[in-house]
Protein chains: 2
Amino acid sequence: MQRGNRHNVAPPTEALVGLLESSPILAELGTAELSALASLAVTENQYPADVIIIDQGERIRSVHLVLSGWGCVYRDLANGKRQIIDFPMRCDFVGLRTADGYSYNTIASITPMSLFEIPLPSLERAIRQAPKLSFMLIEMLSRQRSMLIEHLTNVGCRSAFVRTAHLLLELSDRVRACGSGDPDSFYCPLTQYQLADALGLTPIHLNRMLRELREEGLVMFKSYKVEILDRDRLISIAEYDGEFMRMSVFGKDE
Amino acid sequence: MQRGNRHNVAPPTEALVGLLESSPILAELGTAELSALASLAVTENQYPADVIIIDQGERIRSVHLVLSGWGCVYRDLANGKRQIIDFPMRCDFVGLRTADGYSYNTIASITPMSLFEIPLPSLERAIRQAPKLSFMLIEMLSRQRSMLIEHLTNVGCRSAFVRTAHLLLELSDRVRACGSGDPDSFYCPLTQYQLADALGLTPIHLNRMLRELREEGLVMFKSYKVEILDRDRLISIAEYDGEFMRMSVFGKDE
DNA sequence: CGCCACTTTGAGTTTTATCAAAGATCGTGG
DNA sequence: CCACGATCTTTGATAAAACTCAAAGTGGCG
């Protein structure tokens with residue numbers, strides 16, 4: 001995979017505000033927050049499919065917010081394996097760094113992607129200006145944390161079959177949250193290698209799990225399309241509870 | 001395990017500031033931050049060993065900061081298994097909640113523990129008063145996130161043997177960061193069941209891995225004490241890199 | 001049409017889990 | 001101080017799950 005040559009587009013504060021408001025996290029943007037956001041040095045970058053956006057070990061000075069497209073965040077290991085951490089989509093932010101400023105994982109595009117890039121110093125200024133913005137970042141990190149916990153639980157405690165079912169349900173929920181049409185039949189541009197790397201399985205074994213799921217009349221994964229055939233049974237087999245996607249620190253007390 | 005009956009101690013702002021300053025994250029506390037911290041409605045609670053501090057599904061209105069003792073955070077599954085997410089220790093904070101205010105995982109003590117409890121509304125006020133405090137919370141969440149990524153990678157990509165080695169090295173680093181003496185020989189009050197639940201292994205298999213590690217002259221885990229016999233070889237076998245513990249969002253640019 | 005990447009299948013092996021039960025260890029009460 | 005129970009550790013034998021290697025099938029694209 002080659003290094004991503006991006007294409008830069010005009011700065012779009014308005015689009016950023018729209019994106020944040022459509023996010024699954026609770027965002028209450030008042031005047032102070034809006035004006036702080038307007039002062040952000042945000043750029044929109046477009047990347048083709050299958051390029052590396054941020055490489056493991058690379059210097060990082062920005063966070064990125066996904067506007068469109070599918071990507072993946074992973075860690076490469078010396079033993080040749082890799083763990084896919086997440087498939088970020090619209091409204092997800094990516095770009096963490098070690099204390100000395102380097103990325104600990106790789107972020108790559110799968111389809112063409114469009115990302116907002118926000119330099120860290122600019123974000124820091126905006127938060128000082130409108131402290132409420134920090135709650136958004138906290139909510140986002142917190143949501144990512146709970147999704148990671150669910151991912152870890154999935155890999156650590158569930159059989160390959162159940163694990164696969166669980167991931168497909170999670171993807172369905174996330175695609176739906178991004179506003180794409182029918183959650184029971186959605187576009188999913190992942191290869192079986194990528195699914196396997198996310199689930200800690202070999203592609204061969206994942207393939208057999210997909211076949212079982214198909215033969216059981218539960219889900220079909222074919223030509224980059226997921227079709228959920230029996231969602232109720234699938235949810236019950238996978239012990240799936242989408243609640244973890246809506247986690248937060250300072251949530252509303254109903 | 002019974003519900004934790006805690007014992008409440010006099011409010012200790014000073015101790016809280018000390019704790020934050022000794023934290024592995026970068027904390028620069030100026031006058032504004034100190035006075036905001038002083039206004040926090042923080043209490044210190046003490047729990048005996050082996051009690052549940054926050055139960056899965058329980059209402060949460062506070063975050064907790066560990067002052068002393070060993071605990072564990074885990075998720076229980078319907079299939080009877082559980083995934084241990086973390087063994088929080090001094091300076092770590094615990095207590096996340098779903099958007100509607102309930103805990104998604106259980107937090108239990110292993111040894112007697114002492115925790116600072118900070119009500120969320122109070123924390124929110126303090127952050128508004130001193131926005132810089134939000135960076136501390138962000139750094140802490142970010143650090144937890146990277147530790148989770150490493151944990152997921154460990155369970156997803158590494159063999160039982162290597163995985164076990166990696167966890168013991170991580171614990172060694174964390175214990176050292178808490179200021180406890182010799183990192184090559186430290187107290188570790190975990191049972192093999194708990195280690196197994198953290199690693200996604202059965203206790204029987206974990207036991208065999210520990211035996212192998214011992215027979216190879218790498219580590220000994222005996223009577224709740226870890227002795228690292230050959231750290232260099234262990235690090236190389238486990239592909240261990242402690243860098244993930246020092247991750248942050250707004251780190252210093254060296 | 002042919003190449004390339006991805007998917008699918010088969011056969012055999014390794015890793016890990018399961019079941020069963022015997023040692024340790026530690027705290028507690030007699 | 002010893003005996004007892006409870007919990008934790010260790011071992012053995014067997015079974016199941018997942019991996020490896022090898023190779024054939026599929027589909028899209030230049």
Side-chain angles (χ1 to χ4, degrees), chain A residues 1-2 48-50 70 72 77 79-84 108 110-111 154-165 167-168 187-215 219-227, chain B residues 1-2 48-51 70 72 77 79-84 108 110-112 154-165 167-168 187-215 219-227:
Chain A
M1 198 186 301
Q2 46 180 315
D50 289 314
W70 285 64
C72 81
L77 265 66
N79 66 12
K81 301 193 174 163
R82 70 166 178 172
Q83 177 66 46
I84 291 185
I110 291 174
T111 64
N154 208 23
V155 173
C157 291
R158 296 199 252 251
S159 70
F161 182 75
V162 171
R163 219 185 290 183
T164 307
L167 177 58
L168 293 176
Y187 170 65
C188 172
L190 307 176
T191 66
Q192 295 186 10
Y193 279 81
Q194 289 164 334
L195 286 173
D197 282 347
L199 291 171
L201 299 172
T202 56
I204 292 102
H205 198 58
L206 176 91
N207 180 273
R208 295 191 225 270
M209 297 303 108
L210 288 176
R211 175 173 45 163
E212 268 191 56
L213 285 166
R214 191 190 328 128
E215 285 170 356
V219 217
M220 275 179 68
F221 180 87
K222 185 106 186 143
S223 321
Y224 305 109
K225 212 173 116 186
V226 175
E227 292 209 57
Chain B
M1 198 185 302
Q2 46 181 315
D50 290 314
V51 294
W70 285 65
C72 82
L77 266 66
N79 67 12
K81 301 192 174 165
R82 70 165 179 173
Q83 177 65 47
I84 291 185
I110 290 174
T111 64
N154 207 22
V155 173
C157 291
R158 297 199 252 251
S159 70
F161 182 75
V162 171
R163 219 185 288 183
T164 307
L167 177 58
L168 293 176
Y187 170 65
C188 173
L190 307 176
T191 67
Q192 295 186 12
Y193 279 83
Q194 289 164 334
L195 286 174
D197 281 349
L199 291 171
L201 299 172
T202 56
I204 291 103
H205 198 59
L206 176 90
N207 180 274
R208 296 191 223 270
M209 296 303 106
L210 288 176
R211 174 173 46 161
E212 268 191 56
L213 285 166
R214 190 189 330 129
E215 286 170 357
V219 217
M220 275 180 68
F221 180 88
K222 185 101 185 147
S223 322
Y224 305 110
K225 211 173 119 187
V226 175
E227 292 208 59

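Just so we're on the same page: letters track the sequence lines, and every chain starts at 1.
- Going from atom CG of A/Asp50 over to atom P of C/dA5 covers 11 Å, rounded to whole Å.
- Partners of B/Pro189 by side-chain contact (heavy atoms from CB on, under 4.5 Å), not counting sequence neighbours, listed by chain and number: B/Trp70, B/Ile110, B/Thr111, B/Tyr187.
- Proximity of A/Arg211 to the phosphate of C/dT9: a side-chain N or O atom is located under 4.0 Å from OP1 or OP2.
- A/Gln83 places no side-chain N or O within donor-acceptor distance of the main-chain N or O of A/Gly200, the cut-off being under 3.5 Å.
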* Nucleotide by nucleotide, 5' to 3', does protein get under 4.0 Å of the base (B), only the sugar-phosphate (S), or neither (-) in nucleotides 11-19 of chain C, counting heavy atoms? -> B----BSBB
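- Taking the side-chain contact (heavy atoms from CB on, under 4.5 Å) definition, one finds that B/Pro112 meets it with B/Ala49, sequence neighbours left out.
- Residue pairs meeting the side chain to side chain donor-acceptor pair (under 3.5 Å) criterion with at least one member in residues 199-212 of chain A, sequence neighbours excluded: A/Gln192-A/Asn207.
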* Treat primed atoms plus P, OP1 and OP2 as sugar-phosphate and everything else as base, then score nucleotides 23-30 of chain D 5' to 3': B for base contact with protein heavy atoms under 4.0 Å, S for sugar-phosphate contact only, - for none. => --------
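- Taking the screw axis at each terminus of the helix from C/dC1-D/dG30 to C/dG30-D/dC1 from five consecutive base pairs, the angle between the two is 30° to within rounding of 10 degrees.
- Between B/Phe221 and the choices B/Leu195, B/Leu213, B/Thr164, the side-chain contact (heavy atoms from CB on, under 4.5 Å) rule is met once, by B/Leu195.
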* Which is it for A/Leu210 and A/Leu168 under the side chain to side chain contact (heavy atoms under 4.5 Å, CB included) test, yes or no, and what are the steps along the way? -> CA-CA 10 Å; A/Leu210 288 176; A/Leu168 293 176; 4.2 Å; yes
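- Here B/Asn207 reaches the OP1 or OP2 of D/dT10: one of its side-chain N or O atoms lies under 4.0 Å away.
- When rounded to the nearest whole Å, the span between CG of B/Leu210 and C1' of D/dC8 equals 13 Å.
- In this structure, A/Leu167 CG and A/Leu206 CG are separated by 9.0 Å, a value rounded to the nearest 0.5 Å.
- At most 12 heavy atoms of other shown residues, nucleotides or ligands fall within 6.0 angstrom of atom OH in A/Tyr193.
- In this structure, NZ of B/Lys225 is placed 17 Å from C1' of C/dT25, rounded to the nearest angstrom.
- Side-chain contact between B/Arg82 and B/Gln194 is present, with at least one heavy-atom pair separated by less than 4.5 Å.
- Residues passing the side-chain contact (heavy atoms from CB on, under 4.5 Å) test with A/Asn154, sequence neighbours excluded: A/Arg158, A/Arg163, A/His166, A/Leu199.
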* Using the side chain to side chain contact (heavy atoms under 4.5 Å, CB included) rule, take B/Tyr224 and B/Thr191 through it: C-alpha gap first, then chi angles, then the decisive distance, then the call. => CA-CA 7 Å; B/Tyr224 305 110; B/Thr191 67; 4.0 Å; yes
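- Put simply, OH on A/Tyr193 is 12 Å from C1' on C/dC4, counting in whole angstrom units.
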